[in-house]
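Here's the structure, in structure tokens; my notes come after.
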Amino acid sequence: MNAIFHRQRIPALALALAGMLAAPFALQAQGNGPHIGYVYPAGGKQGTSFKAVVGGAQLKDVFEAVWSGGGVEIEVLEHIKPMTQNQFNDARDKIRELQKVKSDFEKAKREMKEKKKAISSGPMVVWTPTNEALLQLLRRQVSTFMRRQPSPAIAENVIVQFTIEKNAPTGERELRLATPRGLTNPLLFHIGDFFEFSRNPVKSTGEPVYDRSAKFAYEKKAELSEVADDINIPSVLNGQMMPGTVDRFSFVARRGQELVAVAKARQLIPYLPDAVPGWFQAILTLYDAKGVELAYNDDFRFNPDPVLHFTVPESGTYVLEIKDSIYRGRDDFVYRISVGELPFINSVFPMGGQIGNLPEVEAFGWNLPVTRFKPTVESKDPGIREIVLKDRGRPSNPVPFAVDNLPEILAEENKVEPERLQSIALPVVVNGRIDWPGDWDKFRFEGRAGQRIVAEVTARRLNSPMDSVLRLVGPDGAQVAFNDDYIDFFQDKGNGLITHAADSMIEATLPVDGTYQIHIGEAQRMGGKDHAYRLRISAPRPGFDLRVVPSSVSIKPGSTAPVKVYARRTEGFEGEIGLALKNPPGGVRISSVKIPATTNLVELRLSMPRGVSGSAFNLELEGRAKVDGVEIRRLAVPAEDMMQAFLWRHLVAAKEWKVMATGRPKKKPPATGR
């Protein structure tokens with residue numbers, strides 16, 4: 001029997017209405033300055049040169065591509081702006097005139113041929129190659145206008161040429177475009193060392209596109225080649241998803257290979273302002289040569305981007321498919337899929353350690369060279385960092401890893417005595433797991449009346465699937481405090497990429513002297529080796545983090561531009577926070593030097609001196625405050641205020657805080673990263 005695959009078809013009217021709704025929200029989200037919504041392809045291989053298209057708005061006269069890090073040269077080639085309605089009307093009228101001239105000319109040719117007379121005898125209309133070229137150009141322009149983007153926010157295109165050096169560091173970079181009006185927001189771009197396969201850039205239609213691959217049979221290799229691009233693995237696959245379409249890639253795999261396919265879609269463009277759920281929700285499916293589904297994934301735990309793992313049963317041809325969960329699509333539905341025998345870490349345990357005394361961790365995943373290793377983290381301050389495991393020089397996926405300066409212990413597991421309490425001394429960080437559904441880890445400690453404690457779980461923020469629950473029990477056995485989720489990620493803008501709160505925290509004042517208990521469990525009664533957690537129990541540690549928005553600031557020379565600074569206060573800190581630029585260029589300054597006590601947001605003005613133009617540079621903003629007589633300092637994290645699904649807003653962290661004076665530079669800047 002033939003395996004037939006059907007694509008769900010979205011009604012054209014529904015898609016058209018979605019496009020109509022998209023425009024005002026997209027424009028509201030981007031503001032009035034230059035803006036970019038996607039880059040395609042969103043990455044490249046070391047030692048290669050290729051063209052890429054950047055979609056956005058207000059991109060007239062782009063003169064430079066601004067890049068984080070070195071090893072890359074970028075040349076701006078062309079700006080393509082869609083026609084206006086008036087230009088469309090004029091072009092349509094000109095096409096009619098040219099068509100009439102061409103028709104008259106061809107009619108005259110026929111008449112002359114029939115009468116066997118030379119065309120040149122007597123006055124007549126002449127049709128030249130120049131006329132033909134103009135007619136074809138106008139037809140293309142009109143066709144493009146009629147197939148224009150449903151979202152004005154990505155209607156303009158800038159074509160750039162990337163040249164990546166052979167030894168350019170791999171990993172994530174940020175790309176911005178510079179115009180005389182200012183600097184765009186950043187977009188992520190990846191540099192890798194795998195072969196890269198890129199489908200041709202799409203031509204947006206704004207209407208559903210249904211190709212023949214919506215329904216197909218895998219019976220013969222000839223049919224397979226008609227519906228899928230042939231690739232070799234390992235590779236990185238680049239594409240753009242359009243409404244109602246799926247993309248498929250065929251490859252040959254050997255029996256016993258442990259294949260991993262890692263999709264990046266939401267990671268490339270975290271939030272879409274005019275789409276629900278607010279990002280490209282990719283789905284990966286693997287088929288054999290007969291069309292039988294072998295593996296499927298639509299996310300990686302709570303992360304929207306899917307990761308697919310499959311052990312090849314027999315040598316032969318296989319097909320990897322990617323699509324949007326509800327068959328949406330647009331030019332900014334960009335994806336990258338890394339596929340092959342890739343080292344991939346699912347989880348590590350413990351998920352953190354004490355600064356200066358990091359433990360050996362156990363790694364769980366696929367194609368890992370070792371299962372135990374000691375991570376390397378260069379940090380003197382508590383926080384969440386990233387670690388990788390290298391296989392023959394090739395790094396695995398990065399995984400979050402927490403570091404702290406408190407003593408650390410492991411939770412004791414006892415299935416024989418599940419109600420047994422483990423004695424702990426405060427302050428402490430406990431590393432544990434909820435090993436089976438219904439498991440609870442329970443600890444006891446000595447407390448004093450009036451003592452303030454904080455019990456905080458870090459699990460979801462470390463990519464653990466655990467949905468924690470915390471309970472504080474007093475000496476009399478009565479519950480003192482309880483918490484499931486303590487962060488509202490729609491309100492707490494410091495956690496820009498997490499949209500499902502799941503970590504717990506209790507802040508309490510102990511009522512009496514005695515022995516207290518802390519119980520930690522799983523809200524959904526799940527469990528397993530991957531359900532790991534870190535539980536900090538200590539006195540409150542007042543502090544703050546800062547976000548500075550936007551991450552790209554454009555200022556007219558001799559003028560100022562608004563900048564917002566958000567303070568995320570923690571564990572009771574309400575004091576004043578001093579603000580200062582670190583080593584700014586001459587004449588660059590801020591209008592406000594503090595965030596008043598109990599205030600979480602200030603808007604300040606960033607000043608640019610006269611006499612500069614068209615040059616982007618990095619700035620750093622530092623916050624300082626005294627807590628219990630000790631000064632703490634925090635660098636503000638640059639961020640973009642992004643809208644999700646018409647309504648919610650998030651502060652998404654960027655890598656650099658870039659500032660640029662508007663206007664063209666006096667000298668043409670080098671088209672390289674800064």
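Here the structure is a predicted model, which means the values were calculated and not measured.
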Practice task
Looking only at non-hydrogen atoms, find the nearest pair between S49 and Q161 and report the distance.
Solution key: OG-NE2, 2.8 Å
Handout entry: E656 side-chain N/O to F617 backbone N/O, donor-acceptor pair under 3.5 Å
Key = no
Practice task
Please check if atom CZ in R452 has more than 12 non-hydrogen atoms from other residues, nucleotides or ligands closer than 6.0 Å.
Solution key: yes
Problem - Student check: side-chain heavy atoms of V454 and I537 closer than 4.5 Å - result: no
Exercise for the section: Could you please spell out the steps behind the ring pair (Phe, Tyr, Trp, His ring centres under 6.0 Å) verdict for F300 and F344? Expected result: CA-CA 12 Å; F300 178 63; F344 189 89; 5.4 Å; yes
Exercise for the section: For the residue pair M466 and I520, establish whether any side-chain heavy-atom pair is separated by less than 4.5 Å. Expected result: yes
Exercise for the section: May I ask you to check whether F162 and F189 place their ring centers less than 6.0 Å from one another? Expected result: yes
Handout entry: Salt-bridge present (K529, E362; N to O < 4.0 Å)
Key = no
Practice task
Check the side chains of E620 and N583 for a donor-acceptor pair under 3.5 angstrom, ignoring hydrogens and angles.
Solution key: no
Handout entry: E456 and R536 ion-paired at < 4.0 Å
Key = yes
Practice task
Answer yes or no: is there a side-chain heavy-atom contact under 4.5 Å between V236 and I337?
Solution key: no
Practice task
Report yes if the side chains of L320 and I322 come closer than 4.5 Å at any heavy-atom pair, otherwise no.
Solution key: no
Practice task
For S551 and W657, indicate whether the former's side chain and the latter's backbone hold a donor-acceptor pair under 3.5 Å.
Solution key: no
Exercise for the section: State whether the side chain of N185 and the backbone N or O of S552 hold a donor-acceptor pair below 3.5 Å, judged by distance alone. Expected result: no
Handout entry: Taking every non-hydrogen atom, the tightest pair across F302 and S464
Key = CE2-O, 3.5 Å
Practice task
State whether the side chain of R460 and the backbone N or O of P465 hold a donor-acceptor pair below 3.5 Å, judged by distance alone.
Solution key: yes
Handout entry: Between CZ on residue F195 and CG on residue L237, distance to nearest 0.5 Å
Key = 9.5 Å
Exercise for the section: May I ask you to check whether S68 and R173 show a side-chain donor-acceptor distance below 3.5 Å? Expected result: no
Exercise for the section: Output yes when a side-chain donor or acceptor of Y40 lies under 3.5 Å from a complementary backbone atom of N238, and no otherwise. Expected result: yes
Exercise for the section: Could you tell me whether a side-chain N or O of S396 sits under 3.5 Å from a main-chain N or O of L389, the two making a donor and an acceptor? Expected result: yes
Problem - N397 side-chain N/O to I345 backbone N/O, donor-acceptor pair under 3.5 Å - result: yes
Exercise for the section: Taking atom CZ of R301 as the centre, report whether more than 12 heavy atoms of other residues, nucleotides or ligands fall under 6.0 Å from it. Expected result: yes
Problem - Lys/Arg-Asp/Glu bridge criterion (N-O < 4.0 Å) met for D193, K45 - result: no
Practice task
Please round to the nearest 0.5 Å and tell me the distance separating atom CD of E341 and atom CD1 of I233.
Solution key: 7.0 Å
Problem - Cation-pi geometry met for R568 and F544 (6.0 Å, 45°) - result: no
Exercise for the section: Could you point out which residue of K655, K264, R336 forms a side-chain contact (heavy atoms from CB on, under 4.5 Å) with L188? Expected result: K655
Practice task
Report the distance from atom OH of Y533 to atom CG of L462, rounding to the nearest 0.5 Å.
Solution key: 13.5 Å
Practice task
Please state whether the rings of F280 and Y335 are parallel, tilted or perpendicular, taking 30° and 60° as the class boundaries.
Solution key: perpendicular
Handout entry: Side-chain donor/acceptor of E386 to backbone N/O of F401, under 3.5 Å
Key = no
Exercise for the section: Would you indicate whether the side-chain heavy atoms of V377 and L358 approach each other to under 4.5 Å? Expected result: yes
Practice task
Output yes when K658 and E174 qualify as a salt bridge under the 4.0 Å nitrogen-oxygen rule, no when they do not.
Solution key: no
Handout entry: Straight-line distance of R624 CZ to L546 CG, nearest 0.5 Å
Key = 12.5 Å
Exercise for the section: Indicate the atoms forming the closest heavy-atom contact of D381 with V403, along with that distance. Expected result: O-CG2, 3.7 Å
Handout entry: Atom pair CG/CG of N483 and L472 - distance to nearest 0.5 Å
Key = 11.5 Å
Completion exercise
Closest heavy-atom pair, P369 versus K390, reported as atoms and distance to 0.1 Å, is CG-O, 3.4 Å
Exercise for the section: Answer yes when R385 and E378 have at least one side-chain N-carboxylate O distance shorter than 4.0 Å, and no when they do not. Expected result: no
Exercise for the section: Output yes when a side-chain donor or acceptor of D641 lies under 3.5 Å from a complementary backbone atom of L651, and no otherwise. Expected result: no
Handout entry: Which atom of L183 lies closest to which atom of V66, heavy atoms considered
Key = CD1-CG2, 3.9 Å
Handout entry: Residue that, paired with Y271, satisfies side chain to side chain donor-acceptor pair (under 3.5 Å) out of Q644, R266, E640
Key = R266
Handout entry: Atom of K626, atom of F573 and distance for their closest heavy-atom approach
Key = O-CE1, 4.2 Å
Exercise for the section: For the residue pair E408 and N431, confirm or rule out a side-chain donor-acceptor distance under 3.5 Å. Expected result: yes
Practice task
Using only heavy-atom distances, determine whether the side chains of W440 and H519 contain a donor-acceptor pair under 3.5 Å.
Solution key: no
Problem - M526 CE to H531 NE2 distance, which is reported to the nearest 0.5 Å - result: 5.0 Å
Exercise for the section: Return yes if a side-chain donor-acceptor contact under 3.5 Å exists between R534 and T458, otherwise no. Expected result: no
Exercise for the section: Please determine, by modelled atom types, if Q267 and D305 share a side-chain donor-acceptor pair under 3.5 angstrom. Expected result: no
Exercise for the section: Kindly check if the number of other-residue, nucleotide or ligand heavy atoms within 6.0 Å of CZ (R372) is above 12? Expected result: yes
Exercise for the section: Please determine if R461 and D503 form a salt bridge, counting it only when a charged side-chain N lies under 4.0 Å from a carboxylate O. Expected result: yes
Handout entry: S504 side-chain N/O to S468 backbone N/O, donor-acceptor pair under 3.5 Å
Key = yes
